[in-house]
Amino acid sequence: MISAPSQSRSGPHPIFLWLFSSIGKKTVVALSGIVLVLFVTGHLLGNFTIYLGKDWLNWYAEHLQSLGPMLWVIRLFMLATVGAHIFFTMLLWKENQAARPKKYIASDPVGTSVFARTMRLSGLIVLGFILFHLAHFTVRIVDPAFQHMDTMLDGHEVHDCYRMVVTGFSNVPVSILYIVGLFLLMMHLSHGIGSLFQTLGLTNRRIHPLIETVTRAYAWLLYIGYISIPISVLTGIVK
Amino acid sequence: MKFYLEVWRQKGPDGAGKLEHYEANDIPAEASFLEMLDIVNEDLTKKGIEPIQFDSDCREGICGNCSLTINGVPHGPGRGTTCQLYMRKFRDGQIITIEPFRADSFPVERDLVVNREAYDRIMQAGGFISERAGSAPDANSVPIPKVVADQAMDAAACIGCGACAAACPNGSAMLFVSAKVTHLGLLPQGKPENDRRVLKMVRQADKEGFGNCSNYYACEAVCPAGIPASVIAHLNRNFSFASIKESIGITV
Amino acid sequence: MTLDSKIPAGPLDKKWTSFKNTAKLVNPANKRKFEIIVVGSGLAGASAAATLAEQGYRVKCFCYQDSPRRAHSIAAQGGINAAKNYQNDGDSVYRLFYDTIKGGDFRAREANVHRLAEVSNLIIDQCVAQGVPFAREYGGLLDNRSFGGAQVSRTFYARGQTGQQLLLGAYAALSHQIALGNVTMHSKTEMMDLVVVDGHAKGIVVRDMTTGEISSHAGDAVLLCTGGYGNVFYLSTNARGCNVTATYRAYKRGALFANPCYTQIHPTCIPVSGEYQSKLTLMSESLRNDGRVWVPKKKEDCGKEPKDIPEDARDYYLERKYPSYGNLAPRDISSRSAKEVCDDGRGVGPGGLGVYLDFADAIKRLGKHVIEERYGNLFEMYHNITGEDAYERPMRIYPAVHYTMGGLWVDYNLMSSVQGLHVLGEANFSDHGANRLGASALMQGLADGYFVIPYTLGQYMASQFGKKVDANAPAFAEAVESVKARVNKLMSINGTRTVDSFHRELGKLLWDKCGMARDKQGLEEALRKIPKLREEFWSNLKILGSKDGINMELERAGRVADFLEFGELMCLDALNRNESCGGHFRTEYQTPDGEALRDDANYDYVAAWKYEGEGKPPTLIKEPLVYEEVKLATRSYK
């Protein structure tokens with residue numbers, strides 16, 4: 001007997017049903033979040049070469065630059081990741097606004113954390129901060145003088161990243177901007193990292209509190225690691 | 001005890017609605033919140049003011065019919081439903097604001113009465129095990145480890161009141177959906193149609209216009225049945241697996 | 001008029017089997033042609049609606065709550081009985097049958113009760129298959145506990161929320177059938193009247209509680225699964241909305257009301273604390289498994305802290321009076337004993353209306369964690385309501401109205417004296433006699449819905465081919481008009497008293513005169529007072545607002561109006577029954593040591609009351625109870 005073929009589907013392919021479902025959209029945000037957290041962590045580890053001395057940082061910077069086309073692949077990937085993270089967040093936000101059009105007159109944020117409630121705000125400020133950071137140290141248009149800081153490394157002329165950073169953070173308002181911007185990143189991650197475990201279903205009742213604690217600790221560690229550089233510059237530890 | 005109430009009054013589904021001020025006088029501390037409203041309503045009736053319309057039925061915390069947000073918190077302070085909230089929890093002379101549960105998918109019908117049929121429709125989409133009376137094997141034919149049965153029971157305790165969606169800043173029903181998915185999905189009886197159930201219930205919740213979960217955990221904080229938000233993680237995991245299977249044509 | 005209970009012939013344990021072998025069947029194609037109206041969505045209603053829909057009938061289900069999941073079955077805590085004998089402790093279908101008959105004080109119909117015991121095992125299988133998370137042992141098998149009125153452990157439970165889990169199982173099955181289009185659900189829709197066409201129940205009149213619209217629905221049979229009438233007492237463990245309207249309206253349309261005086265007072269409720277109180281909260285009877293009930297021996301000790309009362313100054317009166325059953329004596333006996341000691345001035349707590357339920361020994365024996373595991377949520381609930389910690393201090397409990405054994409008279413097929421009108425669950429009278437044992441209500445509701453009506457409905461439906469009722473028949477319009485007129489009348493009284501004030505007054509009167517103990521004089525007094533109260537109700541009621549749209553005062557007024565008539569019927573029945581049995585205790589009829597004294601020679605019958613018209617006394621029709629299997633015995637739990 002020939003069995004009837006399984007019923008054909010009409011409508012979009014299930015992959016799209018998943019992608020634009022409530023949980024699908026969140027999953028995209030969580031997965032892109034993982035990439036961004038890994039990037040932020042790697043970036044910090046690279047930054048720490050500053051404490052090993054001028055040549056180490058410049059060597060690290062030069063190696064990144066020498067990746068050539070690969071660097072652009074990485075950059076485009078990061079751009080796409082950030083783009084997806086923001087795009088899907090905005091889609092979710094729009095739906096969430098529609099799902100609760102009427103707010104309570106007496107409102108009480110019972111059970112929620114300040115980090116969770118400020119995700120969109122902290123995210124947008126962090127975005128602004130990243131744009132400034134790129135303009136500052138990557139495109140170097142905030143202080144055009146950065147474009148012509150060169151030094152010798154192993155007999156080659158390379159960009160003097162070390163001097164650029166020291167000069168950059170010697171400017172007090174700029175350092176404060178970094179410390180504040182990074183604080184918001186810390187807030188964002190304080191909710192975001194734990195959240196991605198929940199969204200991807202990688203938690204349960206028992207380990208959930210542990211994940212939340214580790215998340216907060218990790219966000220603070222990143223924060224302290226990052227701001228240690230402008231603070232070291234301002235206090236003269238790194239000259 | 002005496003209280004100053006700010007109560008949401010709304011004529012009908014399309015009415016604008018606003019807060020009205022009433023005084024609750026001579027309220028015994030042992031009275032429940034709903035009994036306090038009963039006393040106020042008797043008083044209003046005597047004064048010729050239409051009593052406040054609010055849903056309640058079992059008055060012992062299990063039917064899930066009450067739908068009041070008290071001072072911004074669905075079901076009010078403390079764990080449990082509004083009928084299990086006693087006036088001794090409040091300060092004498094306190095101002096108490098009473099609003100209906102708010103979520104776009106829970107339209108207000110009148111005063112504090114909301115329509116929660118959206119939850120019924122989510123259940124109809126897949127919150128069951130397909131089985132017919134008379135077809136069941138002996139109850140002890142499939143042993144279920146006690147831990148699993150207990151976890152299923154934890155999730156099954158949901159009373160379907162809607163406080164989770166009402167507390168969620170996104171108006172998300174994920175705690176409700178995932179409580180049922182977890183309850184049935186953990187049990188061997190529920191496994192055969194788990195993927196189908198998960199996909200259908202989530203899609204129905206989306207269709208009803210509930211928001212998305214941002215992991216605020218307000219739902220967990222107000223849930224009178226103490227459903228933990230970790231059931232949402234269970235749902236997310238199951239939904240992703242079911243979606244992958246569906247996308248590559250394995251099941252569903 | 002004589003009543004034909006249609007009990008199948010043959011030996012008791014073969015009746016149901018032989019019935020099933022010979023019952024009329026309706027083929028699937030024909031089932032689709034029939035539309036069944038199910039009123040109520042509790043255990044009986046939801047399970048019946050779902051199962052009939054599974055079989056192929058088209059079903060319309062109605063409930064007054066905003067979702068079928070909120071029916072009051074949800075509040076049952078303790079458990080559900082079944083004769084599985086998983087504990088190997090000597091249980092059997094016969095024992096469950098016998099315990100139920102004996103618990104009912106030999107006032108139930110043998111064949112019905114035996115059938116109930118037979119299908120009890122199927123219910124557990126069915127519920128487990130639905131995903132009801134019953135308590136389990138570490139080995140993964142089902143756990144049981146013992147309950148009042150039984151010497152075996154046959155009760156299955158899901159923490160203290162068994163009713164909730166069973167109802168959610170039935171609700172899930174119902175939801176499935178709604179999704180398949182086999183059931184049309186009408187929530188927030190209250191039945192206001194029954195439509196009878198040529199002696200057959202062919203429809204109902206309902207009020208949409210959201211819009212106020214009054215309309216009629218036609219069907220080929222009507223199933224009332226509308227629960228009990230305990231709220232006639234105002235204070236009870238029933239939900240606020242529970243009412244007698246559906247069954248009372250059916251009574252006024254010709255269905256007989258049987259044994260209305262059989263009301264059950266549950267022994268373990270949280271005592272009343274004041275006038276404003278809107279309901280009483282029950283603590284599951286399962287607590288009596290591990291709790292010991294006591295009061296001080298001396299009146300002077302009542303004010304003392306319980307821990308200051310030494311062991312030898314405590315009267316564990318249930319253990320003293322009923323050594324073999326002890327704290328697990330049936331509900332009526334436990335309740336009355338509590339009343340006796342309180343009447344004796346030895347009650348504890350506010351107003352002296354309470355007795356202690358003490359867990360100190362059990363905690364010592366089993367450890368706090370075991371007690372917490374078994375009753376955690378009950379202890380939490382008790383703490384929440386009273387502000388007291390029952391792990392440290394004994395609970396205070398007092399009896400409260402909980403369940404009503406009486407209900408519409410039905411035959412073996414669950415059909416009432418009106419053709420086509422079937423009555424299931426607490427709304428009928430059939431299985432519990434004069435007293436219901438713990439964990440038997442859930443069993444009966446689900447038995448009726450899952451396993452009885454799906455077989456017995458065919459008996460009626462098979463006679464209805466080609467007899468489709470015309471929804472335009474004059475009976476429908478007449479019923480709709482009479483409901484509208486009644487609503488208009490209620491709205492136009494414009495007096496000074498609120499609905500609740502009438503309800504409270506009626507409730508207090510009935511609790512005093514027709515409650516835990518009754519006597520001729522009190523009942524006659526109640527019968528004089530109720531008509532006066534009713535008269536005042538219809539001339540001095542105040543309802544504000546409009547009949548169009550949500551108006552909860554109006555909803556309650558309709559129900560209270562029926563309670564005001566029904567209360568009279570209840571007292572009349574209590575007055576007629578010159579004996580004490582089960583939940584009906586007439587103080588004139590008791591043994592020298594205060595036990596209920598039955599009069600089997602004169603009262604071994606079902607008292608079915610027939611409505612004779614406005615202002616006329618109802619007629620009593622007797623269905624003699626024939627005991628083929630059991631011998632009537634004085635119920636003894638000593």
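Lettering of chains follows the sequences in order, A, B, ..., and the numbering in each one begins at 1.
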Measure the shortest side-chain to side-chain distance between B/C213 and A/K26 over non-hydrogen atoms and say whether it is less than 4.5 angstrom. yes
Is B/K207 atom NZ crowded by more than 12 heavy atoms from other residues, nucleotides or ligands, each under 6.0 Å away? no
Which atoms of B/I248 are under 4.5 Å from chain A, going by heavy atoms: the side chain, the backbone, both sets, or neither? neither
In terms of heavy-atom pairs under 4.5 Å, which option from B/S172, B/S214, B/P77, B/C219 contacts chain A the most? B/S214
Could you check whether atom CG of A/L131 has more than 12 heavy atoms from other residues, nucleotides or ligands sitting under 6.0 Å from it? yes
With rounding to the nearest 0.5 angstrom, report the OG to CG distance, A/S22 to B/D206. 5.0 Å
Shortest non-hydrogen pair, B/G209 vs A/A99, comes out as O-CB, 3.3 Å
Could you tell me whether the side chain of B/R203 reaches within less than 4.5 Å of the side chain of A/S21, counting heavy atoms only? no
Taking 4.5 Å as the heavy-atom cut-off, does anything in residues 75-97 of chain A contact chain B, and if so which residues? A/L92, A/E95, A/N96
Within a radius of less than 6.0 Å around CZ of A/F48, do more than 12 heavy atoms belonging to other residues, nucleotides or ligands occur? yes
Side chain, backbone, both or neither of B/P100 within contact of chain A (heavy atoms, under 4.5 Å): backbone
B/Y217 versus chain A, the contacting section by heavy-atom distance below 4.5 Å: both
Least distance between heavy atoms, B/A165 atom then A/R100 atom: O-NH1, 4.2 Å
Choice from B/L235, B/I232, B/T69 maximising heavy atom contacts with chain A below 4.5 Å: B/T69
The interface call for A/S107 against chain B, heavy-atom contacts under 4.5 Å, is backbone
Nearest 0.5 angstrom please: B/R237 CZ to A/T203 OG1, how far? 8.5 Å
Approximate separation, where rounding is to 0.5 Å, of B/E246 CD and A/L17 CG: 6.0 Å
Comparing A/A106, A/A98, A/S113 against chain B, the one with the most heavy-atom pairs below 4.5 Å turns out to be A/A106
What distance separates A/I15 CD1 from B/S247 OG, expressed to the nearest 0.5 Å? 4.0 Å
For B/S243 and A/W18, work out which heavy atoms get closest and say how close. OG-CD1, 3.1 Å
Short question: side chain of B/E220, backbone of A/G111 - any donor-acceptor pair under 3.5 Å? no
Who in residues 148-161 of chain B is close to chain A, using a strict under-4.5 Å heavy-atom cut-off? B/D154
Any chance you could measure B/S240, atom OG, to A/I23, atom CD1, to the nearest 0.5 Å? 7.0 Å
Please classify the contact of A/R206 with chain B as side chain, backbone, both or neither, using a heavy-atom distance under 4.5 Å. neither
Need one label for B/T97: side chain, backbone, both or neither, based on atoms under 4.5 Å from any heavy atom in chain A. side chain
Around A/K25, counting heavy atoms of other residues, nucleotides and ligands shown, do more than 12 lie under 6.0 Å from its NZ? yes
Can you tell me how far apart CD1 (B/I70) and OH (A/Y104) are? Round to the nearest 0.5 Å. 11.0 Å
Would you check if the side chain of B/N236 reaches a backbone N or O of A/Q198 as a donor-acceptor pair within less than 3.5 Å? yes
Step by step, would you call A/T199 with B/N215 a side chain to side chain contact (heavy atoms under 4.5 Å, CB included)? CA-CA 8 Å; A/T199 298; B/N215 309 327; 3.2 Å; yes
Just wondering, more than 12 heavy atoms not from B/F241 lying within 6.0 Å of its CZ? no
Listed by residue number, which members of residues 178-197 of chain A have a heavy atom under 4.5 Å from any heavy atom of chain B? A/H191, A/S195
Residue by residue, which of residues 102-119 of chain B have a heavy atom closer than 4.5 Å to a heavy atom belonging to chain A? B/R102, B/A103, B/D104
